[in-house]
Amino acid sequence: MLDEVAAVRNLGPTSWQVADVAAGRLDVFWQYGRDATNLVGAALIACEAGAVVTTADGAPWTPASPSFLAATPTLHPLALAALAQKP
């Protein structure tokens with residue numbers, strides 16, 4: 001991802017960062033690992049706001065998924081491609 005973006009930051013709680021995608025303050029949020037407690041509500045808010053929510057490989061996200069990606073509809077395919085790149 002670092003080859004494709006200007007900055008990568010961790011801005012605090014997971015749910016807050018996903019809400020920032022929903023509000024248009026962030027373009028993309030992703031993480032690896034399960035964090036259903038923080039992601040269930042945030043994923044719903046992001047989807048309702050028009051963001052695309054999947055796993056980091058593009059599968060439908062569920063609370064048991066091993067990764068999470070929320071992005072604007074325009075940037076979601078680009079984020080998937082960037083995350084799929086292998087060094």
Sorted by chain and residue number, the ring pair (Phe, Tyr, Trp, His ring centres under 6.0 Å) partners of F29 (sequence neighbours excluded) come out as none
For A46, what residues pass the side chain to side chain contact (heavy atoms under 4.5 Å, CB included) criterion, not counting sequence neighbours?
-> V18, A22, A51, V53
Give a yes or no on whether L44 and W16 share a hydrophobic cluster (residues Ile, Leu, Val, Met, Phe, Trp, Tyr; joining criterion: side-chain heavy atoms under 4.5 Å apart).
-> no
Look up atom CD in Q31 and atom OG1 in T55, then write down how far apart they are to the nearest 0.5 Å.
-> 12.5 Å
Taking only distance into account, with no hydrogens and no angle test, what donor-acceptor pairs under 3.5 Å do side-chain atoms of residues 63-83 form with protein atoms, sequence neighbours excluded?
| residue | atom | partner | partner atom | Å |
| --- | --- | --- | --- | --- |
| S65 | OG | T62 | N | 2.9 |
| S65 | OG | T62 | O | 3.1 |
| S65 | OG | T62 | OG1 | 3.3 |
| S67 | OG | A56 | N | 2.8 |
| T72 | OG1 | L75 | N | 3.2 |
| H76 | NE2 | T54 | OG1 | 2.9 |

Pairs meeting criterion salt bridge (Lys or Arg N to Asp or Glu O under 4.0 Å) with involvement of residues 21-44, two or more places apart | D20-R25
Assess whether side chain to side chain contact (heavy atoms under 4.5 Å, CB included) is satisfied between V21 and V28, documenting all intermediate values.
-> CA-CA 6 Å; V21 173; V28 176; 5.8 Å; no
